[in-house]
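Below, chain A is the first sequence line, B the second, and so on; all start at residue 1.
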2 protein chains.
Amino acid sequence: MKRAMTKIFADFIARRGLKSTKQRDIILDGFLASDRHLSIEELYLKIRASHPNIGYATVYRTLKLFAEAGIAREMQFGDGQTRYEHAGEGEHHDHLVCTRCGSIEEFENETIEQLQAEVANSRGFLIEKHRLELYGVCGSCRK
Amino acid sequence: MKRAMTKIFADFIARRGLKSTKQRDIILDGFLASDRHLSIEELYLKIRASHPNIGYATVYRTLKLFAEAGIAREMQFGDGQTRYEHAGEGEHHDHLVCTRCGSIEEFENETIEQLQAEVANSRGFLIEKHRLELYGVCGSCRK
DNA sequence: ACTCCAATTGAAAGTGGAAGTCATAATACG
DNA sequence: CGTATTATGACTTCCACTTTCAATTGGAGT
Ligand SMILES: [Mn+2]
Ligand SMILES: [Mn+2]
Ligand SMILES: [Zn+2]
Ligand SMILES: [Zn+2]
């Protein structure tokens, strides 16, 4: 997975005539090694621990590149910060967001996806993407 | 509907020991007379046309009050602006958001709601609220 | 290896929407 | 009325990005 992502990003860099830099390598490593759904700030701080000279703006711009390259996806969970998650090839999932501890679980439900398609169809609406999030209290927080 | 909303807000004002003001009346009228899903700025500009002396902050604060009173609901559709829609008693719906013209349609699907509950249940997750939005091209924009 | 130029970087400044401040004004009620 | 309390509006601050810019770097072509 990590290999694949690294390859995809390298190809993207090449295709776009961009340059390979050590900052981008470091940020990619940090991103791939992390828990999913981290904010720019979170990744920046994590990376800064071992690379104090990498700037916020570079992390910010690099995450945008990851999104363009298709290895990251931008998300908004209503906490005022943009979060990035790993984006595998064509994979899709929705989220359960705990309003207590902030943890984010993922799920997939093909039936829901189909019903969404039906709703859109019946109105002549062409779906490009969708967002389904369940907010509430996670299992751990309920104990 | 409008009558009901007005009543609900008046009761809310009374219950909380707040004051009835002409600004709040004007803003409530403007809100109820509007298309749904408008941003603070949009409502502010709309109102300013006939009431140039009403400030942005008052519209901002009053919409928050509407939300607390239960006659409005705060929404985020990813365009960076908070939008408010009319909130009827206990009613719920999800949205189809056109990425071309920005129009927002509403829909309800009980089966999807049930499946969401099942997903949550199977993980011991307690749903407090959810968000389901389909982004794409609306019927009009496809023609 | 060396040049050269476009791409990149990081610090700093800028942006836009939301949220807070505060002096003045308006409301509720005895 | 008179007064305590709340509301208003102009302005400021906050915050999460987003852009700018001078200095640096990557790497294609000598
Ligand atoms: Mn995820
Ligand atoms: Mn709606
Ligand atoms: Zn939790
Ligand atoms: Zn449209």
Side-chain angles (χ1 to χ4, degrees), chain A residues 9-31 37-69 72-84 102, chain B residues 9-31 37-69 72-84 102:
Chain A
F9 188 58
D11 292 349
F12 172 80
I13 286 289
R15 185 170 355 108
R16 291 264 289 254
L18 304 178
K19 290 174 179 171
S20 162
T21 69
K22 53 184 170 311
Q23 286 90 339
R24 286 175 177 166
D25 291 345
I26 291 164
I27 295 168
L28 181 53
D29 280 354
F31 176 63
H37 316 111
L38 19 67
S39 66
I40 302 168
E41 179 85 14
E42 285 167 356
L43 182 54
Y44 166 63
L45 292 176
K46 182 178 192 297
I47 285 173
R48 204 179 57 170
S50 42
H51 302 274
N53 47 331
I54 289 186
Y56 177 95
T58 301
V59 175
Y60 161 77
R61 285 182 294 230
T62 304
L63 281 172
K64 290 270 179 201
L65 280 186
F66 292 170
E68 286 183 62
R73 202 167 13 239
E74 242 174 75
M75 315 244 70
Q76 284 287 168
F77 293 111
D79 64 346
Q81 282 186 274
T82 301
R83 291 177 178 284
Y84 289 84
Chain B
F9 188 59
D11 291 350
F12 172 81
I13 287 289
R15 185 170 356 107
R16 290 265 288 254
L18 305 178
K19 289 173 180 172
S20 161
T21 70
K22 53 182 171 313
Q23 286 90 339
R24 286 176 176 166
D25 291 345
I26 291 164
I27 295 168
L28 181 54
D29 280 354
F31 176 63
H37 315 111
L38 20 66
S39 66
I40 302 168
E41 180 83 14
E42 284 168 356
L43 182 55
Y44 167 62
L45 292 176
K46 181 177 193 295
I47 285 173
R48 205 180 55 171
S50 44
H51 303 275
N53 46 332
I54 288 186
Y56 176 92
T58 301
V59 175
Y60 163 79
R61 286 182 293 231
T62 305
L63 282 172
K64 290 270 181 202
L65 280 185
F66 292 170
E68 285 183 63
R73 201 169 11 240
E74 243 175 74
M75 315 245 69
Q76 284 286 168
F77 292 111
D79 65 346
Q81 282 185 273
T82 301
R83 292 176 177 284
Y84 288 84

Margin query: Would you say that B/E42 contacts B/R83 through its side chain, given a criterion of any heavy-atom pair below 4.5 Å between the two side chains?
Written below: yes
Item checked: Steps toward side chain to side chain contact (heavy atoms under 4.5 Å, CB included) verdict (B/F9, B/L28) -> CA-CA 9 Å; B/F9 188 59; B/L28 181 54; 3.9 Å; yes
Checklist line | Under 3.5 Å donor-acceptor pair, B/R61 side-chain atoms to C/dG20 base atoms | finding: no
Item checked: Step-by-step side chain to side chain contact (heavy atoms under 4.5 Å, CB included) determination, A/K22 to A/H51 -> CA-CA 11 Å; A/K22 53 184 170 311; A/H51 302 274; over 6 Å; no
Margin query: I need the CD1-P distance between A/I27 and C/dT8, as an integer number of Å.
Written below: 12 Å
Notebook entry, point to check: Between D/dG9 and B/Q23, is there an OP1 or OP2 to side-chain N/O distance shorter than 4.0 Å?
Noted result: yes
Next item on the list: May I have the distance from A/L63 (atom CG) to C/dG10 (atom P), rounded to whole angstrom?
Entry: 14 Å
Item checked: Residue B/K22, side-chain heavy atoms: nucleotide from D/dT18, C/dA18, C/dT27 that is nearest -> C/dT27
Check: Would one find a side-chain N or O of B/Y60 under 4.0 angstrom from OP1 or OP2 of C/dG17?
Finding: no
Note to self: Just to be sure I understand the rule, does A/S20 reach a base, reach only the sugar-phosphate, or reach nothing, if contact means heavy atoms closer than 4.0 Å?
What the structure shows: sugar-phosphate
Next item on the list: For the side chain of B/I54, starting at C-beta, report the closest nucleotide among D/dG9, D/dT18, C/dT9.
Entry: D/dG9
Check: With nearest nucleotides of DNA chain D determined for B/A57 and A/T82 from heavy-atom distances, which residue corresponds to the more 5′ nucleotide?
Finding: B/A57
Margin query: If I take atom CD1 in residue B/I13 and atom C1' in nucleotide D/dT6, what distance separates them, rounded to the nearest angstrom?
Written below: 10 Å
Check: Tell me: CG of B/D25 to P of D/dT8, nearest whole Å?
Finding: 10 Å
Checklist line | Residue pair B/L18, B/L65: steps toward the side chain to side chain contact (heavy atoms under 4.5 Å, CB included) verdict | finding: CA-CA 10 Å; B/L18 305 178; B/L65 280 185; 4.0 Å; yes
Note to self: Can you work out whether B/G80 or A/G55 has the more 5'-proximal nearest nucleotide on DNA chain C?
What the structure shows: A/G55
Note to self: If we ignore hydrogens and angles and just use 3.5 Å, is the side chain of B/R24 paired with the main-chain N or O of B/K19 as donor and acceptor?
What the structure shows: yes
Margin query: In whole Å, I'd like the distance from the CZ atom of A/R16 to the P atom of D/dG26.
Written below: 20 Å
Note to self: Looking at A/Y56, I'd like to know whether one of its side-chain N or O atoms comes within less than 4.0 Å of OP1 or OP2 on C/dG10.
What the structure shows: no
Check: Is the distance from OP1 or OP2 of D/dA16 to the nearest side-chain N or O of A/S39 less than 4.0 Å?
Finding: no
Item checked: Rounded distance in Å - CG (B/L45) to P (C/dG16) -> 15 Å
Margin query: Looking only at the side chain of B/T58 (C-beta and beyond, no hydrogens), which of the listed nucleotides D/dT8, D/dG27, C/dG10 gets closest?
Written below: D/dT8
Note to self: What is the distance, to the nearest angstrom, from the CG atom on A/L18 to the C1' atom on C/dT9?
What the structure shows: 14 Å
Item checked: Length of the CZ-C1' vector between B/F12 and D/dA7, whole Å -> 14 Å
Next item on the list: From the options C/dG10, D/dT8, C/dT8, select the nucleotide whose nearest atom is closest to the side chain of B/R24.
Entry: D/dT8
Margin query: If you compare every side-chain N and O of B/K64 against the phosphate oxygens of C/dA18 (OP1, OP2), does one of them come in below 4.0 Å?
Written below: no
Note to self: Which label fits A/F66 and A/F31: parallel for a plane angle under 30°, tilted from 30 to 60°, or perpendicular past 60°?
What the structure shows: tilted
Note to self: If you only use heavy atoms from C-beta on, which nucleotide in D/dG27, C/dA12, C/dT27 is closest to the side chain of B/K19?
What the structure shows: C/dT27
